[in-house]
Each structure stands twice: as structure tokens, then as C-alpha cells.
Amino acid sequence: MSGIVAGKLAFVTGAGSGIGRAVCRILAREGAKVIASDQNSKNVADTVATLEGGDHTALTVNVTSSKSINDAFKSVIERYAKPPTLVVNSAGITRDKYMLKLSEEDFDQVINVNLKGTFLVTQIAVKAMVEAGVSNGASVVNIASIIAKLGNIGQTNYSASKAGVVAMTKSASMEFGKFGVRINAVLPGFIKTPMTDAVPEHILGMAAAKSPLNRVGTPDEVAEVVTFLCSNKSSFVHGASIEVTGGYH
Ligand code: NAP
């Protein structure tokens with residue numbers, strides 16, 4: 001199969017929905033074998049059922065649990081005889097509240113999924129690549145958010161988690177260079193996915209108006225950039241934060 005990531009093995013989190021599902025679709029279109037993972041077993045199976053090409057896998061993984069991720073990597077290495085060298089961290093949640101009303105539980109949950117989950121998956125994946133001697137040319141892409149940079153009312157927990165992802169990505173780039181592993185963050189603006197489906201129409205209109213293109217984005221528009229960052233086409237892009245916001249920054 002041809003394509004900019006042909007023959008590569010990719011591990012995607014949050015692959016049962018939205019941006020993660022679109023990333024699986026574009027990576028598969030570009031020739032990768034995709035391990036689609038999500039905490040939602042049915043949704044991730046539905047994702048894999050729609051992918052071009054063969055030899056893809058759906059796995060149930062909770063990114064807040066190192067056991068769940070380690071079990072997943074064990075089963076991947078058994079099946080493909082090597083660890084994945086493309087990793088996309090897209091699993092994420094929001095628990096929006098004004099800070100003065102935000103519970104400790106909602107703060108912890110968002111940090112656990114968005115920041116700690118990204119840390120755990122990246123650490124386990126890069127360790128496995130280095131141990132197997134396949135790290136050279138590998139790429140990790142972390143889905144952060146433009147809110148990491150701008151902040152947002154009602155999202156003190158979310159903005160902190162995503163700013164953490166951006167800072168972690170920069171620091172990890174300094175450590176991973178010697179292994180030949182690139183790592184970058186993508187900062188989407190407002191993208192129409194199940195995460196944003198609950199947003200009322202007038203707020204959607206306000207979000208669209210923040211972009212000079214006067215619209216919100218699609219999951220595919222983020223996934224195309226993620227796939228470029230996974231590919232060797234971006235071989236000198238490392239430790240970067242790439243905005244995909246329609247000009248809202
Ligand atoms: P989405 O449609 O809600 O997809 C997120 C997926 O992650 C869901 O399938 C969700 O499962 C899964 N997930 C949640 N917690 C998990 C866990 N602990 N372990 C494994 N999977 C888990 O959201 P999206 O809009 O595609 O967002 C994808 C990423 O982009 C997120 O990191 C989000 O913060 C970021 N982002 C989105 C936007 C936007 O406007 N949509 C903007 C900037 C950044 P459940 O459905 O079961 O929760």
C-alpha cells in the first residue's frame with residue numbers, strides 16, 4: 001500500500017470518536033496499520049470496521065491505567081511482533097465549571113485523562129520502541145488545545161491539563177532526540193465532534209466567529225496535520241506546537 005506512512009504501525013488513543021477516529025481513518029488511507037484504542041469498546045470496533053486496508057486492531061484501553069496500557073502493548077507486540085512507532089494521544093475529556101464551583105474530583109479526572117494519560121502512553125510506547133531497537137524515525141503526536149495558550153472561562157482544569165501537555169511535549173523532545181523519536185503537540189481550535197455536540201448553537205456561532213475563516217473545524221482537518229507530523233515529511237519538526245484553529249490564536 002502506498003501513502004506517506006505506508007507500512008508503519010500506529011497506536012491511537014481516543015480512537016472511538018471525533019479527532020481520534022479521523023486520525024485512524026487518515027493514517028489507514030496513507031498506508032499505516034492502525035491499532036485503534038479507546039475506553040469505549042463498541043465505538044473503537046466501529047472505527048476499525050470503517051478503515052481502508054487490512055491488519056488493523058481495535059483495543060479497549062483506559063489511558064489513566066498503566067496496567068491497561070501495558071496489557072495493550074503486550075498484545076500488540078504478540079500480534080505484530082514489534083511495537084508501534086507512531087503514537088497519537090487523542091483521548092481527552094472536559095468537565096467544565098467556573099473555578100469557584102469546580103470539584104476536586106472534576107479537576108483530578110481531567111488532569112488524569114488529558115495529562116497523566118498522555119504521559120503514561122508516551123512513556124510505555126517509547127520504552128517499548130527503544131527496547132525493540134525500532135525507535136529511529138518514530139513519531140509521537142499529542143493532541144493539546146489552543147486553550148492551553150489562551151485559557152477559557154469554565155476550563156481552568158482543561159486549560160491546565162493541555163498547557164501541561166504542551167510543556168511535557170517540549171521537555172520530552174529534548175530527551176527523545178537521541179533515540180530518533182520526534183514528538184510534537186497539535187493545538188486544535190473549535191472542532192465539531194461529539195465532545196462539542198452539547199455546545200448550544202449560539203455558542204457555536206461565537207466560536208466560529210473567532211476564526212477569520214468564520215467557521216469551526218472538522219476532525220479530518222486536524223487528522224491531516226497529525227498524519228503529516230507522523231510521516232517523514234515533517235522530519236525536522238520536533239518539540240513544536242502546531243495550531244489548527246482557522247486562525248484563532
Ligand atoms: P471525543 O469525540 O469526546 O473523543 C474522545 C475520545 O476519548 C472518546 O471516545 C472518549 O471515550 C475517549 N476517552 C475519554 N477518556 C478516556 C480514557 N480514560 N481512556 C481512553 N479513552 C478515553 O473528543 P474529541 O473532540 O475528538 O477530542 C479529542 C482530543 O482533542 C481531546 O484530547 C480533546 O481535548 C482535544 N481537543 C478537541 C477540541 C474540539 O473542539 N473538539 C479542541 C481542542 C482539543 P468516551 O466517549 O467514553 O468518553
Side-chain angles (χ1 to χ4, degrees), residues 11-26 35-48 58-72 87-96 106 108-122 124 140-152 154-155 157-166 168-169 185-199 203-204 206-208 210-211 215-223 225-226 241-246 248-249:
F11 185 87
V12 181
T13 73
S17 180
I19 293 170
R21 174 175 280 179
V23 165
C24 293
R25 208 166 42 228
I26 309 285
I35 302 138
S37 74
D38 200 286
Q39 70 179 1
N40 186 315
S41 315
K42 185 191 173 301
N43 287 354
V44 82
D46 288 349
T47 296
V48 166
L59 287 180
T60 308
V61 177
N62 178 351
V63 299
T64 66
S65 156
S66 54
K67 179 175 184 322
S68 173
I69 305 162
N70 273 315
D71 288 350
V87 176
V88 180
N89 285 299
S90 189
I93 60 168
T94 52
R95 295 287 182 271
D96 296 354
D106 280 348
D108 284 347
Q109 266 192 1
V110 167
I111 297 291
N112 269 337
V113 176
N114 299 2
L115 180 56
K116 187 181 162 192
T118 300
F119 159 71
L120 288 174
V121 171
T122 303
I124 289 166
V140 179
V141 181
N142 296 328
I143 310 297
S145 168
I146 195 63
I147 298 305
K149 212 174 116 181
L150 301 179
N152 199 19
Q155 293 199 310
N157 50 357
Y158 184 78
S159 59
S161 74
K162 295 300 189 178
V165 169
V166 168
M168 188 168 71
T169 302
V186 169
L187 279 58
F190 201 99
I191 310 296
K192 193 86 180 73
T193 71
M195 181 181 267
T196 55
D197 273 352
V199 175
I203 305 277
L204 213 63
M206 280 163 60
K210 285 179 177 164
S211 157
R215 65 175 178 85
V216 301
T218 66
D220 278 8
E221 288 177 307
V222 180
V225 176
V226 170
S241 299
I242 310 286
E243 298 178 10
V244 186
T245 66
Y248 170 49
H249 52 83

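Numbers here simply count residues along the sequence, with the first being 1. All values derive from a computational prediction rather than experimental measurement. Order of listing sets the numbers, starting from 1, for every ligand and every atom in it.
If you look at Ser37 next to ligand 1, there are no close heavy atoms at all, none under 4.0 Å. When non-hydrogen atoms are compared, ligand 1 lies under 4.0 Å from the side chain of Val113 (C-beta onward) but not from its backbone. The proximity of Thr196 to ligand 1, defined as any non-hydrogen pair under 4.0 Å, is limited to the side chain. For Ile93, every heavy-atom contact with ligand 1 shorter than 4.0 Å involves the side chain, none the backbone. Within the 4.0 Å heavy-atom criterion, the part of Thr193 lying near ligand 1 is the side chain and not the backbone.
Near Ser145, the atoms of ligand 1 lying under 4.0 angstrom from a non-hydrogen atom of the residue are 43 (C), 44 (C). Of all the atoms in ligand 1, the ones that sit under 4.0 Å from a non-hydrogen atom of Val61 are 19 (N), 20 (C). Atoms of ligand 1 found under 4.0 Å from any heavy atom of Ile19 (numbered from 1 in listed order, with element): 26 (O), 30 (O), 37 (C). Using a 4.0 Å cut-off to heavy atoms of Phe190, the atoms of ligand 1 that qualify are 40 (O). Under a 4.0 Å criterion applied to the non-hydrogen atoms of Pro194, ligand 1 contributes the atoms 2 (O). Applying the 4.0 Å criterion to heavy atoms of Gly14 picks out, from ligand 1, the atoms 6 (C), 7 (O). Close contacts between ligand 1 and Asn62 involve ligand atoms 17 (C), 18 (N), 19 (N) [criterion: under 4.0 Å to a heavy atom]. Interface of Gly18 with ligand 1, defined as ligand atoms under 4.0 Å from a residue heavy atom, comprises 2 (O), 26 (O).
Taking 4.0 Å as the cut-off between side-chain N and carboxylate O, Arg21 and Asp38 do not count as a salt-bridged pair.
Atom 33 (C) of ligand 1 has as its closest protein heavy atom Tyr158 OH, 3.5 Å. Looking from atom 29 (C) of ligand 1 to the surrounding protein, the closest heavy atom is Ser90 O, 3.0 Å. Nearest to atom 40 (O) of ligand 1 among the protein's heavy atoms is Ile191 N, 2.8 Å. Counting only heavy atoms of the protein, atom 5 (C) of ligand 1 lies nearest to Gly92 O, 3.9 Å. Annotation: atom 9 (O) of ligand 1 to nearest protein heavy atom, Asp38 OD2, 2.7 Å. Nearest protein heavy-atom neighbour of atom 21 (N) of ligand 1: Gln39 N, 3.4 Å. For atom 3 (O) of ligand 1, the closest heavy atom belonging to the protein is Met195 CB, 3.6 Å.
Considering backbone and side-chain atoms together, Val63 places an N or O closer than 3.5 Å to an N or O of ligand 1. For the pair Asn114 and ligand 1, the shortest N or O to N or O distance does not fall below 3.5 Å.
Between the side chain of Thr196 and the main chain of Ile191, a donor-acceptor pair closer than 3.5 Å is present. With hydrogens and angles disregarded, no donor-acceptor distance shorter than 3.5 Å links the side chain of Arg215 to the backbone of Gly246. Listed for the Ser68 side chain is a donor-acceptor partner under 3.5 Å among the backbone atoms of Asn62. Under a 3.5 Å cut-off, the side chain of Thr193 and the backbone N or O of Met195 do form a donor-acceptor pair.
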side-chain contact (heavy atoms from CB on, under 4.5 Å) evaluation trace for Gln155 with Lys162: CA-CA 10 Å; Gln155 293 199 310; Lys162 295 300 189 178; over 6 Å; no

Ser66 and Leu120: CA distance, side-chain angles, deciding distance, side-chain contact (heavy atoms from CB on, under 4.5 Å) verdict: CA-CA 6 Å; Ser66 54; Leu120 288 174; 4.1 Å; yes

Side chain to side chain donor-acceptor pair (under 3.5 Å) evaluation trace for Thr122 with Asn89: CA-CA 8 Å; Thr122 303; Asn89 285 299; 3.1 Å; yes

Worked verdict on Lys192 versus Val216 for side-chain contact (heavy atoms from CB on, under 4.5 Å): CA-CA 7 Å; Lys192 193 86 180 73; Val216 301; 4.2 Å; yes

Intermediate values then yes/no, side-chain contact (heavy atoms from CB on, under 4.5 Å), Ile93 and Asn114: CA-CA 7 Å; Ile93 60 168; Asn114 299 2; 3.9 Å; yes

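In this structure, Lys162 has a heavy atom closer than 4.0 Å to ligand 1. By the 4.0 Å heavy-atom criterion, Ile143 is counted among the residues contacting ligand 1. Not a single heavy atom of Pro219 lies less than 4.0 angstrom from ligand 1. Judged by the shortest distance from any of its heavy atoms, Ala144 lies inside the 4.0 Å radius around the atoms of ligand 1. Distances shorter than 4.0 angstrom do not occur between any heavy atom of Gly117 and any atom of ligand 1.
For the residue pair Val186 and Val244, the shortest heavy atom distance occurs at CG1-CG2, 3.8 Å. The shortest heavy-atom contact between Val165 and Asn142 is CG1-CB, 3.7 Å.
Considering Val140, Thr13, Ile124 in turn, Val140 is the only one that fulfils the side-chain contact (heavy atoms from CB on, under 4.5 Å) rule with Val87. Screening Thr245, Leu204, Ile146 against Phe190 for a side-chain contact (heavy atoms from CB on, under 4.5 Å) leaves a single residue, Leu204.
With sequence neighbours excluded, the residues satisfying side-chain contact (heavy atoms from CB on, under 4.5 Å) with Thr60 are Ser41.
For the pair Leu187/Val166, a side-chain contact is recorded, criterion being any heavy-atom separation below 4.5 Å from C-beta on.
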